[in-house]
Colleague: 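What follows is a single structure, and I will ask about it in a moment.
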Amino acid sequence: MDGNDGGDGPVPARSVEGWVLFVSGLHAEATEEDLVDAGGAFGPVARASVVLDRRTGYAKGYGLLAFASWAAAAAARGGLAKDMGGAVSAEWAFLGGGGGGKRRR
Amino acid sequence: MESPQPAPGSSPPPSGDVFLHYSTTHSGRYGRESLTIQVSPTGRLSYNNSSGYKRGTPIRKDVTLSPAVLVELHRLLAESGVMELSDAAWPPPSGVGTAALEVVLDGGSGGRVKLRTETIGSLLDVVASTDADGLRVFYYVVQDVRCLIFALLGMHYKIKPI
């Protein structure tokens with residue numbers, strides 16, 4: 001099973017197209033292209049989406065980034081925040097069941 | 001692998017303790033249609049969509065959201081102004097449809113709200129009502145919650161909701 005990052009971190013759940021990161025802290029003018037460009041540094045991006053604020057039309061501040069490859073997703077999770085700068089953080093969007101139930105916070 | 005470690009003296013990490021239940025029903029030419037979204041503080045997202053359209057079978061999805069997603073949802077709700085709303089002056093649920101939203105932040109210490117009204121078809125319905133400002137906040141927070149959930153479900157299951 002490659003769905004474990006080896007540490008005490010959360011165990012992500014596999015999505016239909018691979019492994020999905022939840023990217024938050026995006027700039028109000030961030031686009032899907034920005035996310036694809038930034039994610040592409042870690043491997044081929046399967047899908048990207050930046051959600052817009054329904055009232056203002058600007059980016060709501062978060063997006064989703066999917067990689068088919070586990071290695072690329074794990075690398076992007078560790079490195080995307082540094083690459084995109086500012087307040088950006090990248091975390092798994094979905095957690096696995098089974099042993100993934102125990103959560104701190 | 002680094003986890004976000006707040007510097008000493010900085011603000012505490014943002015909360016992701018959120019309970020949300022949203023449902024909307026509509027009775028019309030396709031029978032009684034309903035959509036339900038529930039997020040529990042453990043991260044469990046339950047999504048239900050049943051419609052008589054094209055004799056569609058109900059769609060049910062359950063997935064666990066990560067703490068990062070819960071923090072974003074918590075932030076979205078806390079910043080939306082929805083926690084200050086009251087449905088006292090809103091149109092009551094009609095025979096056509098109901099929209100209901102219940103939110104509890106931080107086990108209640110961050111606010112608790114339970115709102116019910118008739119299904120809002122468009123912003124024009126909002127503008128015509130007595131508590132237009134409150135209904136407008138409700139309308140947009142519902143849109144934003146639906147956008148977040150549909151974006152997540154779309155990525156996880158490749159569902160393309162209408």
Side-chain angles (χ1 to χ4, degrees), chain A residues 4-26 32 46-56 59-67 74-75 77-79 81-82 87-105, chain B residues 1-6 12-18 39-45 61-77 79-81 106 120 122-123 126 136-160:
Chain A
N4 199 317
D5 63 5
D8 60 348
V11 181
R14 195 183 198 289
S15 301
V16 67
E17 282 181 280
W19 305 93
V20 179
L21 293 175
F22 189 77
V23 184
S24 49
L26 290 174
E32 279 170 17
R47 243 168 108 186
S49 103
V50 168
V51 175
L52 302 182
D53 186 303
R54 302 294 288 182
R55 200 172 46 81
T56 64
K60 192 76 188 159
Y62 66 89
L64 295 157
L65 191 56
F67 295 89
R77 176 177 173 241
K82 256 178 246 120
V88 171
S89 75
E91 266 304 335
W92 302 120
F94 307 104
L95 299 188
K102 44 185 190 312
R103 291 170 56 243
R104 298 164 297 142
R105 266 194 224 212
Chain B
M1 208 79 13
E2 69 250 274
S3 53
Q5 206 65 256
S15 167
D17 186 344
V18 48
V39 179
S40 76
T42 60
R44 200 76 191 147
L45 163 64
K61 299 289 178 194
D62 288 277
V63 64
T64 303
L65 305 176
S66 74
V69 177
L70 295 177
V71 165
E72 191 68 31
L73 178 63
H74 187 288
R75 190 177 70 90
L76 188 162
L77 292 165
E79 290 178 359
S80 69
D106 306 310
I120 301 172
S122 81
L123 264 186
V126 169
R136 188 178 292 110
V137 169
F138 181 72
Y139 176 85
Y140 280 117
V141 76
V142 163
Q143 293 289 316
D144 284 334
V145 166
R146 289 174 57 135
C147 278
L148 172 63
I149 299 304
F150 289 153
L152 288 162
L153 290 172
M155 276 283 176
H156 197 55
Y157 298 107
K158 218 172 177 174
I159 301 174
K160 293 252 191 258

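The chains referred to below are lettered A, B, ... by the order of the sequence lines, with proteins before strands, and numbering in each begins at 1.
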Colleague: Is Lys60(A) close to Leu76(B) at the side-chain level, that is, under 4.5 Å between some pair of heavy atoms?
Modeller: yes

Colleague: List the atom of Ser49(A), the atom of Met155(B), and the distance in Å for their closest heavy-atom pair.
Modeller: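 Result for this residue pair: N-CE, 3.8 Å.
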
Colleague: If you look at every heavy atom in Val51(A) and Ala151(B), which pair is closest and at what distance?
Modeller: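 Shortest heavy-atom separation between Val51(A) and Ala151(B) comes out as CG2-CB, 3.7 Å.
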
Colleague: Could you look at Phe94(A) and say if it's the side chain, the backbone, both or neither that has a heavy atom under 4.5 Å from chain B?
Modeller: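 The answer is both parts of Phe94(A).
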
Colleague: Could you go through the side-chain contact (heavy atoms from CB on, under 4.5 Å) check for Phe22(A) and Leu65(B) one step at a time?
Modeller: CA-CA 10 Å; Phe22(A) 189 77; Leu65(B) 305 176; over 6 Å; no

Colleague: Do the non-hydrogen side-chain atoms of Arg47(A) and Lys158(B) ever get within less than 4.5 Å of each other?
Modeller: yes

Colleague: To the nearest 0.5 Å, tell me how far Arg14(A) CZ sits from His156(B) NE2.
Modeller: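 Between Arg14(A) CZ and His156(B) NE2, I get 10.5 Å after rounding to 0.5 Å.
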
Colleague: What pair of heavy atoms forms the shortest contact from Leu95(A) to Pro67(B), and how long is it?
Modeller: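 Heavy atoms of Leu95(A) and Pro67(B) come nearest at CD1-CD, 3.8 Å.
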
Colleague: Taking side chain as everything from C-beta outward and backbone as N, CA, C, O, which of these in Arg136(B) sits under 4.5 Å from a heavy atom of chain A? Side chain, backbone, both or neither.
Modeller: neither

Colleague: Between Leu152(B), Val63(B), Leu45(B), which shows the greatest number of heavy-atom pairs under 4.5 Å with chain A?
Modeller: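 Option with the top pair count is Leu152(B).
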
Colleague: Please state whether the side chain, the backbone, both or neither of Ala48(A) comes within less than 4.5 Å of a heavy atom of chain B.
Modeller: backbone

Colleague: Where do Trp92(A) and Ser66(B) come nearest, in terms of heavy atoms and distance?
Modeller: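 Residues Trp92(A) and Ser66(B), closest heavy atoms: O-OG, 2.6 Å.
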
